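Structure first, commentary second.
In what follows, every chain begins at residue 1, and chains take the letters A, B, ... in the order their sequences are listed. These figures come from a predicted structure and were not determined experimentally.
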Amino acid sequence: MQPEEIHIKFPEGNPLDLPKATTAREALIKRGQGSLKKIVAARLNGESIDLTRALSQDGTLEPIFENDPEGLEILRHSTAHLMAQAVKELFPEVKLAIGPAIEQGFYYDFAKKDPFTPEDLPRIEEKMRALSQGNIPIVREEFSREEAIRLFSSQGESFKVEMLEELTEPTVSLYRQGNFVDMCRGPHLTSTNGSRFYKLTHVAGAYWRGDEHNPMLQRIYGTAFFEKKELDDHLFRLEEARRRDHRRIGRELDLFSIHDEVGPGLVIYHPKGAMLRTLLEDFEKKEHLRRGYEIVIGPQLLRADLWKKSGHYENYRELMYFTEIDGQGYGIKPMNCLAHMMIYKSKVRSYRDLPKRYFELGTVHRHEKSGVLHGLMRVRQFTQDDAHIICTPDQLQDEIRGVLNFVAEVMKIFQFDFEVEISTRPEKSIGSDQDWARAIEALIFALKANGLSYSICEGEGAFYGPKIDIKLKDALDRRWQCATIQCDFTLPERFDLQYVGADGERHRPVMVHRVILGAMERFIGVLIEHYAGAFPTWLAPVQAVILSVTDRNASYCQKVFQDLLATGIRVELDIRNEKLGLKVREAQLQKIPYMVVIGDKEEEQGSISPRTRSGENLGSWSVPQFIDRIREESVPGKQ
RNA sequence: GCCAGCGUAGCUCAGUUCGGUAGAGCGACUGAUUUGUAAUCAGUUGGUCGGGGGUUCGAAUCCCUUCGCUGGCUCCA
């Protein structure tokens, strides 16, 4: 090997000795395997680099393909730059902030005096198309930090300068395409014509660095794919998500409403929505009782003094509603824990009594900021399937594992995928460092014991303890926090909870706060989008509707209706003087699982003709046969 | 809360550029039709143009203000 040569290995095939400064692209060509078409970038000793990057050291070189997750990220990142280039050409006065790839696409933040309007997007896209067709090479350049600061200062790019000033690296990489220069780690595509299938989706405000004390920037969101079909599929999925929007379906299926006159974030359940919620609550009570929970009920208002004692007043006040009664301050509960602690304290507890598991479908109020309210997903009054487990420190692991199993079993019934996060101590919090460390350890241990993988969110915990959050994925692929398990060593301390141990001494129990579905409101919202309103039979507010063919069949329909009703089936009767086709259509739009057709033929035979909402005609059935079918499907988890 | 957009009949929307007495489809209601598996026909009804204030001879339209809704504000060049 010559001194000016470098030794490059590949994941597959023989290593090569190549002249120094050979580009990654040339090296991959020399490797002589397949086409370079689907290769976006490369990885040298694990570091992602541009295909045009000159190799300066020995190492292992692997290609990054279009269908690698990182390949798509690179495309989107480059498309974000392309968009920024287009924006700078159309609006030279804008300043650049940042423009990363994100899960669904990419964005770029700009500072602009007059905000972008939706009408600007097609113009920007058009400019992007022209720049893309121009096939402008994307070139990486290395600058010293000072040079880069000088360059961006001269261009008035104050955000770039601010970022550079906080960096410690002596050199930074800049990427140049035509007149456009951006500071960026890369890697990028080699030319602007790599971005071909993209769409700018919306504009929004975003604080500089996500901090509400910083100036508001204008963010443009977009997405990009390597293939047209992938882009079309993505746009179709967005459309489908709009069709599944729980706010729309909630109105169409007459489940709930939210009114100005009543107040923002306050939900009114109509009969069918109330039925759905009742079904969920009945399910929950049963599931809790069979796992050794006791049902309790606390008051809506508690003395402000008690909220001071618990630390809520100090740490949670902005989200609480307060009032005064007979000269005494009261707070409307934003959480259910206080009453549960009072129940525990009402007696001397022995270690033999533990764990105590108090369950409450507890309605709470929180003063959420107006801008975050969203349908059923984010409201100001909601009901939690809340429980507090008070146990000995020795029992803690098992209790947390028990809750994790509970969550997994319930999510399986609803066919939800979920992700797990652990949140650690926030700035505003109470309790000793030692307790926090113990609590986090307990949560992690339980997760590991249950074989669940998790990510860590630093500083996202509750003020009284760390938590495990379970995030469901909804139709828009947004994650919704539903279940959460929170470890608490602090409130037992503050409320002086005790139990008598085997040694006859008094000890401090620990407490676990936990919800399974979370808030009933949010969970119902997620369910609506999950099932697109077509609830499985066990959850359907109306399980069957009886449809008469003519007025002649009305009284027989009435009889069948009464028979079904008497067995507890949730059934409706449609004997309007309308055509069968219309009734079927309306039942179909209401997503009722079964339509029971009754005409002269059925009346003569004493039968019924059920049909499913998927359009399957089940033929001639007896009423008992149909009752059995519905009963069978009324079991939670059955479809 | 902040930025932007939006708010017209129960729903979906037109009308706002350029001020001149408010429209459509669906729904609802009434009647006819006696109907067989996703829309029968006809007629009728329907709005303090989110609220308040201002400009004007005149405001859905222009201005101010207020309420609400929607998207976003975490994913670090």
key: Separation between the P atoms of B/rC63 and B/rU16, rounded to whole Å   = 15 Å
task = Could you measure between the two P atoms, the one in B/rC6 and the one in B/rG43, and give it in whole Å?
result = 38 Å
query = Just how far, in rounded Å, is P of B/rU74 from CD of A/Gln104?
reply = 17 Å
inquiry  = Show me the pairs that pass ring-ring contact (aromatic ring centres under 6.0 Å, His included) and involve residues 146-188 of chain A, at least two apart or across chains.
reply    = A/His77-A/His188, A/His81-A/His188, A/Phe159-A/Trp208, A/Tyr175-A/His188
task = Starting at atom CG of A/Leu547, determine the distance to atom P of B/rA39, rounded to an integer number of angstrom.
result = 14 Å
query = What is the distance, rounded to the nearest whole Å, between atom CD of A/Gln481 and atom C1' of B/rU74?
reply = 14 Å
remark   = Between CG of A/Leu121 and C1' of B/rG72 the distance, given in whole Å, is 13 Å
task = Decide yes or no for A/Gln381 and A/Val267: does some side-chain heavy atom of the first lie under 4.5 Å from some side-chain heavy atom of the second?
result = no
query = Side-chain contact, heavy-atom cut-off 4.5 Å: A/Leu200 with A/Phe106?
reply = yes
task = Check every atom of B/rG71, B/rC2, B/rC75 against the side chain of A/Tyr207 and return the nucleotide holding the closest atom.
result = B/rC2
request  = To the nearest Å, give me how far apart CG (A/Leu96) and P (B/rC76) are.
outcome  = 17 Å
message = Ring centroids only, cut at 6.0 angstrom: are A/Phe463 and A/His312 within range, meaning strictly under it?
response = yes
A/Arg585 side chain near B/rC26 phosphate (N/O to OP1/OP2, under 4.0 Å) = no
Ring-face cation contact, A/Tyr313 with A/Arg317, 6.0 Å cut, 45° max = yes
ask   = With sequence neighbours left out, what residues match A/Tyr108 under ring-ring contact (aromatic ring centres under 6.0 Å, His included)?
value = A/Phe110
message = Check for me whether the distance between the ring centres of A/Tyr269 and A/Phe256 falls short of 6.0 Å.
response = no
query = What is the distance, rounded to the nearest whole Å, between atom CE of A/Met216 and atom C1' of B/rC3?
reply = 4 Å
key: Residues in contact with RNA chain B, drawn from residues 599-612 of chain A - heavy-atom cutoff 4.0 Å   = A/Gly599, A/Asp600, A/Lys601, A/Glu602, A/Ser609, A/Arg611
Please tabulate, for the side chains in residues 85-102 of chain A, all donor-acceptor contacts under 3.5 angstrom to protein atoms that are two or more places apart in sequence or on a different chain.
residue	atom	partner	partner atom	Å
A/Gln85	OE1	A/Gln177	NE2	2.7
A/Gln85	NE2	A/Gln177	O	3.1
A/Lys88	NZ	A/Val94	O	2.9
A/Lys88	NZ	A/Glu157	OE2	2.8
A/Lys95	NZ	A/Ser158	OG	3.0

key: Rounded distance in Å - CZ (A/Arg576) to C1' (B/rA39)   = 11 Å
ask   = A/Pro541 and A/Leu255: which non-hydrogen atoms are nearest, and at how many Å?
value = CG-CD2, 4.3 Å
message = Looking at A/Phe225, I'd like to know if the NZ or CZ of A/Arg76 sits under 6.0 Å from its six-membered ring centre while staying within 45 degrees of the ring's axis.
response = yes
key: Lys/Arg cation over aromatic A/Phe535: A/Arg613, 6.0 Å, 45° cone   = no
ask   = B/rC2 and B/rG23: how far apart are their C1' atoms, nearest whole angstrom?
value = 38 Å
key: Nucleotide opposite B/rA22 in a Watson-Crick or G-U pair, distances under 3.5 Å   = none
Residue that, paired with A/Glu529, satisfies side-chain hydrogen bond (donor to acceptor under 3.5 Å, both in side chains) out of A/His246, A/Arg247, A/Arg248 = A/His246
remark   = Here the residues of residues 42-50 of chain A within 4.0 Å heavy-atom distance, strictly under, of RNA chain B are none
task = Round to a whole Å and report the spacing from CZ of A/Arg378 to P of B/rU70.
result = 13 Å
request  = Under 4.0 Å from any atom of RNA chain B, heavy atoms only: list the residues of residues 250-270 of chain A that qualify, in numerical order.
outcome  = A/Arg251, A/Asp260, A/Pro264
